[in-house]
Amino acid sequence: MSTAPQAIAELRARPRRTVLAVPGSSVKMIGKARELGVDEVFLDLEDAVAGPAKEEARQNVVDALHEGGFAAPTVVVRVNAWDTEYTVRDVTEVVGRAGAHLDALLLPKVRTADEVVALDLVLTQVEKAAGLPVGHIGIEPQIEDALGLTNIDAIATASPRVLTLVFGPADFMASIGMRTLTVGEQPEGYTPGDAYHHVLMTILVAARAHGIQAIDGPYLKVRDEEGFRRAAGRTAALGYDGKWVLHPAQVDAGNEVFSPRQEEFDKAEGILAAYAHSTSVEGGARGAVMYGDEMLDEASRKMALVVSARGRAAGMTVSETAGEDR
Ligand code: GLV
Ligand code: MG
């Protein structure tokens, strides 16, 4: 059996181009979610579930985990935040009864590192009591307010279980008093630039500083595919690993936007091959080489590796016509 660090390293490396949110209160939606070709699915016990439906949702989620059958290779549950009366029971019930079928817990509204530490401690006890290997279930903290953003480095490093940092735009916008009701779009009246740039970049930089993934949150106008593509395209361009999807209509677009384009992938693979040859003794041991009309060096190789790794994770292969235009 793999050790906890190996299990967590494997979970961290998985693709998360699309992360599907599914209300734990809806057996029907959980059923539909099984078929969708997303990279990660999370069954929600938090804000998509009304207070009176919380208990039933927990039961649905435990049943759904036992039943399995999700096309998504990574299955997660979003527990309630620490300022509710639900968190400990969410963990006890879900992990205690179905932890063997679960990859991680998504922890919403994380404001301080202590909240991640607390979840790690509870998880460890529940894993031990349930006879599960200790430390194999990951934590995905969601950053949803100003304090969480301020404490982001401490949150990212609070537990070895942390896999990602996830932006929660709706709660974040509410918490800072941004004047808009449309999640994923720019607030009216803010014309220059992107109102989310600072937040998105802070999360991304912290994630990269600590070797974990950065995931963008939801785009709520689920029938506006063009709007979704625009919003997803912005965070994909920054370097985010993926984004939430709320509806089947967003799935293909999300997987496409967060995978490299074929010509980008071909170019990255071409750069890696050309650079490997040129830096080898047989290739002349040169550190700077021309590739088409571009001068490449070690930093270019690192950039190409990022695109290549994402493409390979998405199952891409080099096209037959690659390199013909050089
Ligand atoms: C998601 O939880 C959000 O608040 O956007
Ligand atoms: Mg939220």
Side-chain angles (χ1 to χ4, degrees), residues 16-26 29 33 38-51 53-54 57 61 76-84 86-87 90 104-112 115-116 119 139-152 155 162-187 194-204 206-207 213-222 224 227-228 230-232 234-236 238 240-247 250 254 258:
R16 288 181 182 79
R17 295 166 304 172
T18 40
V19 175
L20 177 69
V22 188
S25 49
S26 170
M29 287 173 91
V38 291
D39 288 335
E40 175 174 308
V41 61
F42 79 84
L43 306 176
D44 194 14
L45 296 175
E46 202 224 9
D47 280 359
V49 178
K54 296 273 186 200
V61 165
V76 172
V77 171
R78 179 163 76 166
V79 295
N80 286 280
W82 278 117
D83 62 350
T84 68
Y86 305 117
T87 323
D90 287 344
L105 294 177
L106 179 55
L107 181 64
K109 301 186 178 64
V110 177
R111 309 184 76 209
T112 64
E115 299 182 25
V116 176
L119 182 60
I139 298 178
E140 303 203 31
Q142 215 184 335
I143 304 300
E144 309 206 69
D145 74 357
L147 190 58
L149 195 70
T150 309
N151 288 326
I152 193 146
I155 291 169
V162 174
L163 306 176
T164 66
L165 291 171
V166 183
F167 180 39
D171 275 299
F172 198 95
M173 288 153 70
S175 86
I176 61 168
M178 194 182 269
R179 274 183 18 189
T180 175
L181 290 172
T182 311
V183 176
E185 293 290 357
Q186 299 298 316
D194 175 0
Y196 304 102
H197 183 76
H198 169 74
V199 184
L200 288 168
M201 209 52 168
T202 304
I203 292 173
L204 178 64
Q213 293 192 10
I215 307 298
D216 188 16
Y219 183 82
L220 298 194
K221 286 185 179 167
V222 291
D224 180 356
F228 174 83
R230 198 176 48 240
R234 270 202 295 264
T235 45
L238 278 184
Y240 270 67
D241 298 283
K243 181 172 177 64
W244 283 15
V245 291
L246 305 179
H247 190 270
Q250 297 179 333
F258 284 94

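What you see is a predicted model, and the numbers here were worked out from it, not measured in a lab. For ligands, and for the atoms within them, numbers begin at 1 and follow the listed sequence. Computed over heavy atoms, backbone and side chain alike; hydrogens, waters and symmetry mates excluded.
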Could you check whether any side-chain N or O of Tyr240 sits under 3.5 Å from a backbone N or O of Leu200, counting only pairs where one atom can act as donor and the other as acceptor? yes

With heavy atoms under 4.0 Å as the rule, classify the contact between Glu46 and ligand 1 as side chain, backbone, both or neither. neither

Heavy-atom donor-acceptor pair, Lys54 side chain to Glu46 backbone, under 3.5 Å: yes

Which atom, among the N/O/S set of Glu144, is closest to the Mg ion (ligand 2)? OE1

Check ligand 1 against Gln142 and write out every atom of the ligand that is under 4.0 Å from a heavy-atom position of the residue. 1 (C), 2 (O)

Could you tell me the residue and atom name of the protein heavy atom closest to atom 5 (O) of ligand 1, and the distance to it rounded to 0.1 Å? Ala170 N, 2.7 Å

Could you verify whether a donor N or O on one side chain and an acceptor N or O on the other, from Thr235 and Asp216, lie under 3.5 Å apart? yes

Nitrogen or oxygen atoms of Pro169 and ligand 1 under 3.5 Å apart: yes

Cationic N near anionic O, under 4.0 Å, Asp83 to Lys109: no

Any atoms of ligand 1 less than 4.0 Å from a non-hydrogen atom of Arg78? List them with their elements. 2 (O)

Would you call the rings of Phe42 and Trp244 parallel, tilted or perpendicular, taking 30° and 60° as the class edges? tilted

Give the name of the N/O/S atom in Asp171 that lies closest to the Mg ion (ligand 2). OD2

Less than 3.5 Å between some nitrogen or oxygen of Trp244 and one of ligand 1, yes or no? no

For the residue pair Gln186 / Tyr196, report whether a side-chain donor-acceptor contact shorter than 3.5 Å exists. no

Give a yes or no on whether the backbone of Thr87 and the side-chain of Asn80 come within a donor-acceptor separation of less than 3.5 Å. no

Is Pro218 touching ligand 1 with its side chain, its backbone, both, or neither, if touching means heavy atoms under 4.0 Å apart? side chain

Gly168 heavy atoms, cut-off 4.0 Å: which ligand 1 atoms fall inside? 1 (C), 3 (C), 4 (O), 5 (O)

